[in-house]
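The structure appears below as structure tokens.
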Amino acid sequence: MKFIFNFILLFFVISMPFKVFAQEEILLGLIPEQNIFKQMERYRPLASYLSEKAGVKVRLTILSRYGDIVERFVARSLDGAFFDSLTGAMAITRMGVEPMARPVNLDGKATVRSYIFVRTDSKINSVKDMKGKKVVFVDMATATGYLFAVAFLHENGIHDINRYFNEYFFTGSHDSAIYSVLDNRADIGSAQDTIFNMLASKDPTIKRELHIIAQSEELPETTLCLRKSISSKIKNRITDILLHMNEDPAGKKILKKFGAVKFIRAEAGDFNSVFNLARRAQINIKEYKGTR
Amino acid sequence: MKKKIILSLFFLFLLFTMGSVMTMFYILRVTTRLDTLITLHQVEILRQDLVINVQTVQSHLYTLGTSFGKELDVIVENVATLDNAAQKCSGCHHSPEITSKIKTIQDLTEQYKEALSTFITTTAGRERVERLQIVAANIGNMILTKTQEMAFIANQKLNEKTIAAIKDVSSSRIILIVTLLLCFFIALAIAASLTREVTEPVSELLKATRKIKTGELGYTTSYAGKDEFKELLESFNDMSITLNENNKKIIQHLVRLSGLYRITLSFHAITNVEDIYKEVSYGIAELVEIEQCGVILLDKDKEFFTHRFPAFGLNQEQIANIRIPKENFIDIYRSSNRRPLTLNDNASALPFGEIDKNLNVKNLMLIWIRQKGELLGAIRVANKKSGDFSEEDSRILGILANNVSVALENAKLYENLKKQMAELKETQEELVQAAKLAAIGELASNIAHEINNPLTSILGYSELIKEETDINNIMRDIEVIEKESLRARDIVHQLLEFSRKRPLEIKEIQINDIMSEVLALAAVPLKDSNIKISKLYGDIPLIEGDANQLKQVFLNIINNAIFAMQGGGSLGVTTAMTDKDSVHIEIRDTGKGIPKEILQRIFEPFFTTKQEKGTGLGLSVSYKIIQSHNGRIDVESEEDRGTKFTIVLPVSVKQLF
């Protein structure tokens with residue numbers, strides 16, 4: 001009898017910590033860099049890997065657009081998000097989130113650039129040629145899909161895009177912006193180089209029919225930032241898993257599917273290039289909402 | 001039969017294998033059909049899932065407008081499920097028509113995803129957004145339409161397959177039932193046939209064993225089969241016949257053994273040799289059917305072995321001729337290596353030559369009689385009626401010869417015993433007479449005194465007669481003389497009567513009378529020794545015995561009592577019946593008693609305490625006399641207090657009934 005009692009007690013004592021972890025959940029937001037379904041498919045294996053290794057359920061949620069990112073972060077009670085360079089800078093500045101890690105892409109870079117591109121047959125070679133044309137941006141809250149283009153236009157003397165262009169619109173995702181130009185729904189587009197190159201590798205018409213007329217300096221790749229209030233234990237655990245997953249065969253597999261070589265540690269200083277770009281675009285990140 | 005059983009079992013095995021194969025074939029066929037049906041139903045479920053998912057996404061599209069907020073996750077999940085459903089379809093085998101439609105749906109799904117993503121993420125003007133919404137919705141509707149078309153085709157296929165499956169199930173059921181019934185009845189027929197073929201000889205065998213069990217040995221069956229059972233039953237018949245023959249032999253042996261036992265048993269009661277010869281000869285004639293049989297033994301003068309009379313099949317004259325010199329007889333014994341001599345077919349080798357020829361001997365057997373390793377003689381058996389003498393005859397007659405040897409020895413011992421018994425009896429009688437005379441001797445002085453008194457009177461009156469002249473006085477004196485003479489004659493007569501040696505005379509006697517006569521005989525010495533007599537005679541029945549011998553016993557005891565009471569005393573005599581079978585006689589004295597250390601020895605012959613006055617025979621002879629009367633004599637004594645003798649004698653048998 002005593003043996004059975006001790007056994008039950010031991011079982012409860014042993015199972016308790018796991019129960020505590022099982023109840024914990026981390027909700028991470030994903031910005032719509034590309035088609036939201038593809039984006040979800042890309043990040044889902046990574047989330048499963050983190051859940052399994054960290055003992056904390058990692059759930060993903062799609063943020064439909066870049067703008068109002070701070071408000072949405074609060075409204076959805078997110079614990080963190082994979083931010084792109086501009087939304088990352090905004091979140092760091094206004095919410096104090098902590099950048100933890102960012103991926104190193106298959107080309108060995110942990111940075112991205114912004115492309116301004118046109119169709120090859122559009123005869124647009126300079127800012128002058130753009131006048132009265134239809135422009136497509138990704139979102140006002142993206143550095144590669146909007147901020148660089150605004151900075152580029154400012155530096156080329158264009159301060160009012162409403163008047164300079166016939167029409168401009170936001171697709172919400174980089175691939176949509178690329179396809180908008182490719183499909184002739186827009187004349188000029190702005191998008192992130194990694195998405196552009198990835199689509200170009202799959203779809204040869206992109207390389208053939210689109211022409212890059214400008215590109216930005218290197219900006220930080222999508223960075224995982226976590227809420228400050230999350231226990232440092234969990235933050236460190238997740239960061240550690242990401243930083244060492246390239247050493248684990250299972251992790252390596254996930255990374256390959258994700259399209260990265262490894263994760264490296266991220267710091268707030270990585271975003272200095274974004275702040276510079278914002279200044280060039282005459283945008284104050286502290287006040288910038290990323291929406292019209 | 002074995003072949004038939006193996007073939008039947010093989011046929012049954014084939015039948016069941018065929019049945020099993022058919023069953024498995026139809027079960028597989030039906031289950032395959034059912035699997036297909038289940039798969040089709042699962043596909044239908046997939047299709048329905050697809051439709052539901054598309055409809056869900058579509059409803060979100062229309063109901064939520066451009067602001068999806070939190071519901072975006074739901075849409076993403078639904079689209080993922082939708083995509084999965086569409087992908088799953090391509091994993092199955094379909095007709096080209098269906099494969100093409102599935103491909104279309106998958107393409108549409110991809111387009112739908114693209115359109116949805118664009119619609120969801122686009123933040124351009126309202127018009128543009130609405131246009132994107134319509135594009136996405138249209139693709140969704142197209143997916144629904146295509147799915148419905150597929151559902152129609154799938155339903156048609158499903159119906160066809162269901163009808164085919166039901167038909168298959170129905171036909172399989174009939175075929176299975178027919179197969180099972182067919183197998184069952186064929187198996188039943190085979191089993192019945194095999195059972196009949198097995199049980200028929202078995203019951204025949206059972207019947208035969210029961211017959212044998214009830215004693216009908218030799219019973220044979222008449223089973224007419226051609227299989228192993230026939231062999232078995234033939235073997236059984238042989239066994240039954242052999243059993244019967246053996247049983248007959250056993251019975252024959254038992255009869256012989258019983259005869260042998262009867263003959264040897266009679267030897268125990270036979271005490272004279274003639275009876276032994278007769279029993280052996282006639283007994284053997286019963287055991288072994290022969291014409292001549294008898295015993296040959298060594299003569300008293302030990303020179304010839306002669307045939308003894310009586311014998312079976314030989315008269316006295318023939319027997320007298322069978323007289324073989326000892327050396328010849330022993331030579332024959334030695335030449336047979338001391339084993340029974342059997343001659344069945346060699347007339348020239350007959351051991352006794354002419355003697356045997358004269359007796360018309362055809363076959364002969366001599367079984368040697370030995371005693372303590374020495375040859376006593378032989379049992380001669382000749383002319384067996386049924387065939388030759390056998391080894392078994394030899395064994396049985398050998399046993400008999402051993403018993404004859406013992407019986408002859410017994411007869412000899414009995415003869416010796418009889419002689420010794422006669423001598424012993426004679427000695428005992430002499431002993432009793434000597435004891436009797438000794439007892440009389442002890443009384444002699446007193447008896448002489450008793451005789452002397454009448455003699456003195458006779459002499460006195462004789463002197464008076466000489467001087468008397470008166471005839472009357474003379475006559476009176478002569479009368480006194482006559483009276484005293486008669487008195488003296490009585491005493492002498494009594495003495496003579498007692499002392500006379502005469503044979504044992506058993507008759508019914510009254511102990512009280514015997515005791516009175518003894519006391520009268522001892523009256524004078526008792527009186528002279530100042531011994532008072534007290535008598536208590538009980539009402540006792542007659543006993544069977546010799547009055548004279550019992551008188552001797554009582555006189556011996558009373559003489560001893562007188563010797564023990566020299567200074568006077570009292571003598572008590574009591575007769576009584578303590579139980580219905582015996583009479584008790586008690587003789588007590590108040591003498592000096594017998595010391596304990598010699599009490600146990602008083603009945604020993606020649607043991608006496610009277611020194612030269614006694615012979616030591618009185619009590620020992622008394623003990624023997626009481627023993628020969630089937631009685632008992634006991635003594636109790638206490639020094640200086642007295643001695644008590646108790647004699648118990650059985651009541652006459654005539655008195656008991």
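Computed from heavy atoms alone, side chains included, the values below leave out hydrogens, waters and symmetry copies. From a predicted model like this one, the values you see are computed outputs, not experimental measurements. We name chains A, B, ... by the order of the sequence lines, and we start the count at 1 in each one.
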Rounded distance [0.5 Å steps], CG in A:N35 versus CG in B:L116: 9.0 Å

Heavy-atom pair count under 4.5 Å with chain B, highest-scoring of A:R44, A:K38, A:Q39: A:R44

Euclidean distance, B:F119 CZ relative to A:I36 CD1, rounded to 0.5 Å: 10.5 Å

Heavy-atom proximity to chain B below 4.5 Å, by part of A:E41: side chain

Sub-4.5 Å side-chain heavy-atom contact between B:E114 and A:D175: yes

Gap between atom CG of B:L132 and atom CZ of A:F169 - 0.5 Å precision: 8.5 Å

